[in-house]
Every structure is written in C-alpha cells, then in structure tokens.
Asks: 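Attaching a single structure in structure tokens format; questions to follow.
Order of appearance sets the numbers: ligands from 1, and atoms from 1 within every ligand.
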Amino acid sequence: MDKLIIKGGKKLAGDVTVSGSKNAALPIFISTILAPGMNEIQNVPFLRDINTTIKVLESLGAEIQGNGNIVRIDTSRLSGHEATYDLVKTMRASVLVLGPLLARFGKARVSLPGGCAIGARPINLHLKGLEALGADITLEHGYVEARARRLKGARINFDISTVGGTEQLLMAAVTAKGETVLENAAREPEIVDLADILTKMGARIEGAGTDTIRINGVSELQAVTHSVMPDRIEAGTFMTAAAITGGDIRIHNMRLDHLDALVFKLQDAGVEITHKDDVVRVKGPKRIKSINIKTRPYPGFPTDMQAQIMALMTIAEGASVISENIFENRFMHVSELLRFGADIIVEGNTATVKGVKKLSGAPVMATDLRASASLILAGLASDNTTEVSRIYHLDRGYEAIEKKLAGLGAEIKRVKED
Ligand code: EPU
C-alpha cells in the first residue's frame, strides 16, 4: 500500500489541468450498454473506479481498448446480465448497470451494494422507479433480480433528490415504450453530461439539468463518440489548495459555472477568483475568513467539497458552522483533522470549526475519497511533515493528484508503506 508524505508550508503557484469527471464518466461508460457497437469515450481520467467500471463491462461481454485518455467500448456482443458482489462492493456505482441491462435484455441480476463509509446509501429509489417502469423486482441472496418484457414509460416522483437514482431511471427510460417523466430529479451537471451522450445515441430527452426530465422512449440507440466533462470536484479541490496555502494558481480545463456555490463561498472567505475562457485564476488571501456551509443537492453547496472546505476552515479567522445534509456519516475526516491541532466539535450533522493560527503536520489515515483530499490540504498548510496512509481511497477519484500538486510547487511524494 502507498502513502503520501507532504512537507507543508509552500504557497502553491503555476498551472494545473483538470481531468475528466469521475462521476460523469462512470454512468457514461455504463450507458454504452444501451448502444450496441463501438462507442468512443474521450477525456477519461485514469482512476481505479474507471478500471472497476471496465471490469464490470468486460464481465458483461464488452470489448474494451484504452489509448491514453480515450477508451473504446464495443458493446455489440454482450452476453452477461449480472454485476457480482465482488465488483459492486468495490464500487457502488456498478449498480447503475441495472437499468441499461433491463432495457436491453429484459433481465438483470445485480448485487446490493451494502454499507458505505459515508452513510447507508440505500438504492430503494432506484428500485421503486424501475418497478414504476414495469420491472418485476425481487431481492434474493443479496442480489436484485429484475425482469421486464419491455419497460413502459411512467411518471416518477423522487422522494429525495438522488444523482444515481436519476441516472438509473434516465438510462432505463430512454428505450421504454412511451413517455417517462422524472420529477424532483437531480440537477447535477453529471446528469446533463449523461443526457448529452444518450441524446447523441438517439434518445429523446428534455429538461436534463432541471428538476423535471421528460423522456420519450425510442426503439433503439446507436454507438457514439463523447468527451467527458471536466471534474468539478477535482477543480474545487485545487481551488481550495490555492486558498489554504495562500497561493496563486491557474486552473485549466474547468467549468467555473459548475461551481457557483463554491465560488461564492470562497470569495466570502477572501479568495480572489478571476477567469478567462476555461482558465481560472485562484489567489488565496493572507488569512482566510470563516464562512458557514450547508451541503445541498446541486446547485447548492456540494457534499463532495465539504471535507476540503472544513480543512480550509481549520485555519480561518473566527468560527465556521458546517452542516452535512446529504450523507449521515460524512464527518470521518474530523478526527483526523484534530490530529493536525484543529479545533472542531461535531453535534449531529453539524460541525463547528474554530480557526487556529497554524496546523501541525501529523501521521493521519484516509477514510474515504474526499476525506483523503481534506487531509492532503491540511498537510499542505501545516508547518512540518504529514504522512497520509490508506491512500487507495484517493486513487479511486483523483488522477495523479500528487504529481499535479508537485507541479504547483508542493513538496509531496508517494512512497510504499512498510
Ligand atoms: N438515497 C436514498 N435512496 C436511494 C438513493 C439515494 O435514500 O435510492 C439517499 C442517499 O443515501 C443519500 C442521498 O439520497 O443520502 C443522495 O444520494 P445520491 O443518490 O444523490 O448519491 P449517489 O448517486 O450514490 C453521487 C456521487 C457521490 C456524491 C453524491 C451526491 C457518483 C458515482 N457518486 O452518489 O460522489 O457525493 O452523488 O452528490 O456519482 C464522491 O465522488 O466522493 C461521491 C461520494
């Protein structure tokens, strides 16, 4: 296993380029099940979760070749209709094959994902929606078994905004008979990117990016070429890295409009943000001001940036109140941030962070993907050395983060753990 060693105290400077979005790429890869033929996906990030998705698709019979950031997925001759426990427990997003498999083959068998470090994360709304489209669903031996002759359009009103649930139903509905309306749908940019590839494939979708998505089922889809949108959370993590080190960096290949909620908050904290085309300049202040954060579905403040902003608040002037409203257990980074000398008290879903003058580097342990990013940020701002272990979480979702940070002048290296 690898760990990261960070010598803090360097102000970041220079240029960094954002990779393709993990959370857009995963459903986009899976959507190729719906379009028999050779699909070409561009701007693909090199990540462990992408490898897992490739394994899932290969286990279904897809033929896949990679060349740099381009991945070609041939789904002409799929034979399987099952995602096993081994794959789903490694990556929950594998459950998204349920809708497309059901749509293409009329049957699917997919392991239930089980628990997760950040919350229970059930898939009840995925299943309820598929039932509304006419699927017959049973749960047996830890697996969801789903069957349907041809799915039929329906009106589905989500109890809560769910990104995965919206993606699942969108993919199931594109070839269903008649019209499907998804109400209280998630509005995340990743949903729009998925709708874009499905539309290129021949799907008829209106309203992606709003809370009402209308889908008119078509009988079949064709293979296409599509480039994945930039990763907004990776971009936000670099913005926060500039802020926490008092640095001055330029971020390339990012969509600033996908990060409005974060940008407003960083500006309130005293960070200067300017942009020209897709290059964004981020300049940290001498001392960060405290801000309050409530995580919300898009366009609200993203839960995937909560841990990183908490790291930033540990050295802010004053106290900050951060409430997590999406996942019930997404404060695992708190006890690790305390090891840097941070002052944080958690009560229910709210953390109160009192800014301290400086952080002091320490050995810490990553607990999930975004928690890992927050520990790196704290390490960059600390006055001495930090060791972050268990970074396999990080490799799931950040492409070469230590190389990108080193390119900005950070002293950070990856070493093998004893
Ligand atoms: N939920 C249910 N029932 C369902 C589905 C969701 O109760 O059937 C609940 C969840 O337990 C959670 C809330 O609804 O409390 C929102 O979950 P959502 O379905 O929106 O999340 P997800 O699709 O499982 C995606 C991202 C997460 C990101 C969330 C929220 C992917 C692969 N994952 O998860 O990304 O935090 O949306 O924006 O797209 C990450 O990248 O670190 C990450 C965890």
Side-chain angles (χ1 to χ4, degrees), residues 19-31 45 47-50 52-53 56 88 90-99 110 112-132 137 144 156-172 182 184-194 211 228-229 231-237 258-259 261-262 295-308 324-330 332-333 349 366-374 393-399 401:
S19 300
S21 158
K22 166 181 86 87
N23 288 348
L26 303 181
I28 282 173
F29 268 48
I30 289 172
S31 73
L47 299 172
R48 214 156 54 93
D49 276 6
I50 293 288
T52 309
T53 312
V56 171
V88 180
T90 325
M91 191 190 68
R92 308 176 60 81
S94 315
V95 299
L96 293 179
V97 299
L98 200 50
V110 174
L112 276 169
C116 167
I118 60 177
R121 302 180 77 184
I123 57 160
N124 56 319
L125 302 176
H126 300 221
L127 303 183
K128 190 173 166 208
L130 291 172
E131 275 177 336
I137 292 188
V144 179
I156 292 162
N157 187 295
F158 290 104
D159 283 351
I160 46 177
S161 171
T162 155
V163 175
T166 303
E167 292 166 345
Q168 181 84 273
L169 272 299
L170 189 53
M171 289 191 279
L182 304 180
N184 194 27
R187 290 179 282 172
E188 271 68 2
E190 291 76 11
I191 308 261
V192 178
D193 210 14
L194 175 63
D211 63 6
V228 177
M229 64 176 257
D231 197 309
R232 61 192 171 102
I233 304 302
E234 187 197 8
T237 304
H258 286 169
L259 281 163
L262 174 70
T295 63
R296 299 267 183 232
Y298 190 84
F301 191 91
T303 172
D304 290 345
M305 281 301 303
Q306 179 258 107
Q308 300 91 314
E324 171 56 54
N325 301 301
I326 308 294
F327 292 109
E328 62 275 21
N329 190 27
R330 210 173 196 181
M332 303 262 283
H333 41 284
N349 72 336
T367 48
D368 71 75
L369 174 57
R370 310 302 170 187
S372 317
S374 83
H393 294 290
L394 203 65
D395 296 331
R396 293 187 55 181
Y398 285 94
E399 181 174 52
I401 191 169

Asks: Work out whether the distance between some heavy atom of R330 and some atom of ligand 1 is less than 4.0 Å.
Replies: yes

Asks: Does E188 reach the main-chain N or O of Y298 with its side chain, forming a donor-acceptor pair under 3.5 Å?
Replies: yes

Asks: Can you report which non-hydrogen protein atom sits closest to atom 21 (O) of ligand 1, along with the distance?
Replies: F327 CZ, 4.0 Å

Asks: So, taking the atom named CZ in R121 and the one named CZ in F327, what distance separates them when rounded to the nearest 0.5 Å?
Replies: 4.0 Å

Asks: Between the side chain of D193 and the main-chain N/O of A24, is any donor-acceptor distance below 3.5 Å?
Replies: no

Asks: Do you know which two heavy atoms are closest between A186 and T162, and how far apart they sit?
Replies: CB-O, 3.5 Å

Asks: Any chance you could measure M171, atom CE, to L96, atom CG, to the nearest 0.5 Å?
Replies: 4.5 Å

Asks: Using a 4.0 Å cut-off to any heavy atom of H126, which atoms of ligand 1 qualify?
Replies: 8 (O)

Asks: Number the atoms of ligand 1 from 1 as they appear, then name those within less than 4.0 Å of a heavy atom of I160, with their elements.
Replies: 1 (N), 2 (C), 7 (O), 9 (C), 14 (O)

Asks: Quick check on contacts: which atoms of ligand 1 are under 4.0 angstrom from a heavy atom of L125?
Replies: 3 (N), 4 (C), 8 (O)

Asks: Among all protein heavy atoms, pick the one closest to atom 41 (O) of ligand 1 and tell me residue, atom and distance.
Replies: R370 NH2, 2.7 Å

Asks: Hey, is D49 close enough to R396 for a salt bridge, meaning N to O under 4.0 Å?
Replies: yes

Asks: Which residue and non-hydrogen atom of the protein lie closest to atom 36 (O) of ligand 1, and at what distance in Å?
Replies: D304 OD1, 2.6 Å

Asks: Nearest protein heavy atom to atom 26 (C) of ligand 1, by residue and atom, and its distance?
Replies: N23 ND2, 3.6 Å

Asks: Which distance, rounded to the nearest 0.5 Å, do you find between the CG of D368 and the CD1 of I118?
Replies: 6.0 Å

Asks: Of all heavy-atom pairs between G99 and L130, which one has the smallest distance, and what is that distance?
Replies: CA-CD2, 4.2 Å

Asks: Looking only at protein heavy atoms, identify the closest one to atom 30 (C) of ligand 1 and say how far it is in Å.
Replies: T303 CG2, 3.8 Å

Asks: With a 4.5 Å cut-off on side-chain heavy atoms, are E167 and E190 touching?
Replies: yes

Asks: Closer than 4.0 Å to some heavy atom of G164 - which atoms of ligand 1 meet that?
Replies: 19 (O), 23 (O)

Asks: Taking all heavy atoms of R232 and all of P302, pick out the closest pair and write down the distance.
Replies: NH1-CB, 4.2 Å

Asks: Of all the atoms in ligand 1, which lie at a distance below 4.0 Å from a heavy atom belonging to K22?
Replies: 40 (C), 41 (O)

Asks: State, to 0.1 Å, how close G165 and H126 come at their nearest heavy-atom pair, and which atoms those are.
Replies: N-NE2, 3.3 Å

Asks: Give the residue, atom name and distance (to 0.1 Å) of the protein heavy atom nearest atom 34 (O) of ligand 1.
Replies: R121 NH2, 3.2 Å

Asks: Run down the list A93, A186, A120, P122 and name the one with the heavy atom closest to atom 7 (O) of ligand 1.
Replies: P122

Asks: Would G397 count as a contact of ligand 1 if the rule is a heavy atom under 4.0 Å away?
Replies: no

Asks: I'd like to check which ligand 1 atoms, numbered from 1 as shown, lie under 4.0 Å from a non-hydrogen atom of I123.
Replies: 4 (C), 8 (O)

Asks: Counting non-hydrogen protein atoms only, what is the nearest one to atom 3 (N) of ligand 1? Give residue, atom name and distance.
Replies: N124 OD1, 2.7 Å

Asks: Identify the closest protein heavy atom to atom 19 (O) of ligand 1: which residue and atom is it, and at what distance?
Replies: T162 OG1, 2.7 Å

Asks: Determine, considering heavy atoms only, which of D159, D231, T166, I326 sits nearest to atom 13 (C) of ligand 1.
Replies: I326

